Amino acid sequence: MSTATTELRRLLTITGQRFNNGQPAPEMFSPAVDAAWHELLDTPQYAALCQESAGRPIGHTATSGHGPISWVTAYEEAYGPLPQIWFTDADGNVDQDALARYRETGTVVAEWDCAPIGGGDVTPDRPETARP
């Protein structure tokens with residue numbers, strides 16, 4: 001499994017936890033991890049990955065924003081510091097300045113253009129309209 005796919009699995013796990021707790025979807029700020037996501041979307045492997053990681057189907061939606069990445073602490077508690085792939089573009093170039101800022105401050109401020117959403121068979125007992 002590639003590093004990007006491993007990180008996608010971790011993001012899906014965090015997504016499932018956030019949705020179960022009524023929290024908003026995590027922001028996808030890594031073009032490299034997003035590229036791996038796009039390769040898997042709409043495949044049986046992706047459906048299985050969602051079920052294993054998040055316990056439910058997870059979709060993909062275009063949404064843009066900029067600001068602090070809300071799920072970094074949850075990631076670090078589960079997996080340790082964010083690896084370099086989160087600061088890498090789709091061509092493999094690392095944003096060294098952003099990586100250094102994260103390593104110095106422990107926070108990530110970034111732009112994103114997509115995020116996970118609940119999949120088609122999300123159970124109605126967990127409404128996603130409760131997000132702030």
Side-chain angles (χ1 to χ4, degrees):
M1 181 179 302
S2 74
T3 300
T5 304
T6 297
E7 293 306 308
L8 175 60
R9 175 185 296 275
R10 291 174 174 181
L11 179 75
L12 293 172
T13 299
I14 289 170
T15 299
Q17 293 166 350
R18 290 176 69 92
F19 286 175
N20 288 342
N21 293 329
Q23 295 174 298
E27 308 86 359
M28 169 53 80
F29 70 95
S30 169
V33 178
D34 189 43
W37 196 6
H38 281 265
E39 286 179 23
L40 287 173
L41 278 171
D42 301 320
T43 67
Q45 294 88 350
Y46 180 69
L49 181 64
C50 289
Q51 201 59 43
E52 292 166 17
S53 303
R56 64 167 71 197
I58 300 293
H60 177 282
T61 189
T63 181
S64 61
H66 179 270
I69 301 303
S70 62
W71 52 271
V72 172
T73 300
Y75 181 100
E76 291 172 334
E77 287 172 357
Y79 309 110
L82 289 169
Q84 182 172 296
I85 190 80
W86 283 104
F87 303 91
T88 304
D89 69 18
D91 295 323
N93 301 307
V94 177
D95 183 338
Q96 296 292 344
D97 292 338
L99 180 58
R101 276 192 305 277
Y102 164 65
R103 288 182 175 161
E104 290 169 15
T105 67
T107 60
V108 178
V109 177
E111 292 183 17
W112 60 88
D113 61 9
C114 63
I117 57 171
D121 16 12
V122 172
T123 54
D125 64 333
R126 299 220 188 262
E128 293 180 297
T129 55
R131 293 188 211 157

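Owing to the predicted nature of the structure, the values given are computational and were not obtained by experimental measurement.
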- prompt: What pair of heavy atoms forms the shortest contact from Cys50 to Pro57, and how long is it?
  reply: CB-CA, 4.2 Å

message: Do His60 and Ile117 have side chains that approach each other closer than 4.5 Å (heavy atoms only, starting at C-beta)?
response: no

query: Quick one: does Leu11's side chain get under 4.5 Å of Tyr75's, heavy atoms only?
result: no

Between Ser70 and Glu27: side-chain donor-acceptor atoms closer than 3.5 Å: yes

message: Side chains of Leu8 and Leu40, heavy atoms from C-beta outward: is any pair under 4.5 Å?
response: yes

- prompt: With no hydrogens and no angle check, is any side-chain donor or acceptor of Asp89 less than 3.5 Å from a backbone partner on Asp91?
  reply: yes

- prompt: Have Thr3 and Thr6 got a donor and an acceptor in their side chains that come within less than 3.5 Å?
  reply: no

- request: Please answer whether the main-chain N or O of Gly55 pairs with a side-chain N or O of Gln51 as donor and acceptor at a distance below 3.5 Å.
  value: yes

Proximity of Trp112 and Trp71 rings by center, below 6.0 Å: no

- request: Spell out, yes or no, whether Val108 and Tyr79 are grouped together once hydrophobic residues are joined by side-chain heavy atoms under 4.5 Å, including indirect joins.
  value: yes

field: Rounded distance (nearest 0.5 Å) linking atom CD1 of Ile69 with atom OG1 of Thr107
entry: 10.0 Å

message: Would Thr63 and Thr61 count as a side-chain hydrogen bond (donor to acceptor under 3.5 Å, both in side chains) here? Give the steps.
response: CA-CA 6 Å; Thr63 181; Thr61 189; over 6 Å; no

query: Atom OG of Ser2 and atom CD of Glu39: how far apart are they, to the nearest 0.5 Å?
result: 7.5 Å

field: Side chain proximity check, Asp34 to Cys114, heavy atoms < 4.5 angstrom
entry: yes

message: Rounded at 0.5 Å granularity, tell me how far CZ in Arg103 sits from CG in Leu82.
response: 10.0 Å

message: Are the side chains of Phe19 and Pro24 in contact, using a 4.5 Å heavy-atom criterion?
response: no

query: Mind checking whether Arg9 and Thr5 have side chains closer than 4.5 Å, heavy atoms only?
result: no

- request: Please determine which of Asn20, Thr15, Ile14, Asn21 meets the side chain to side chain contact (heavy atoms under 4.5 Å, CB included) test together with Arg18.
  value: Ile14

- prompt: Side chains of Val109 and His66: closer than 4.5 Å at any heavy-atom pair?
  reply: yes

- prompt: Does the side chain to side chain contact (heavy atoms under 4.5 Å, CB included) test come out yes or no for Arg56 and Ile58, once each step is laid out?
  reply: CA-CA 6 Å; Arg56 64 167 71 197; Ile58 300 293; 3.8 Å; yes

message: Is there a path of hydrophobic side-chain contacts, each under 4.5 Å between heavy atoms of I/L/V/M/F/W/Y residues, joining Ile85 to Val94?
response: yes

query: Could you give the distance from OG1 (Thr88) to CG (Asn93), rounded to the nearest 0.5 Å?
result: 8.5 Å

query: Where do Val72 and Tyr102 land on the side chain to side chain contact (heavy atoms under 4.5 Å, CB included) test, with the steps shown first?
result: CA-CA 10 Å; Val72 172; Tyr102 164 65; 3.9 Å; yes

query: Charged N to carboxylate O below 4.0 Å: is that the case for Arg10 and Glu7?
result: yes

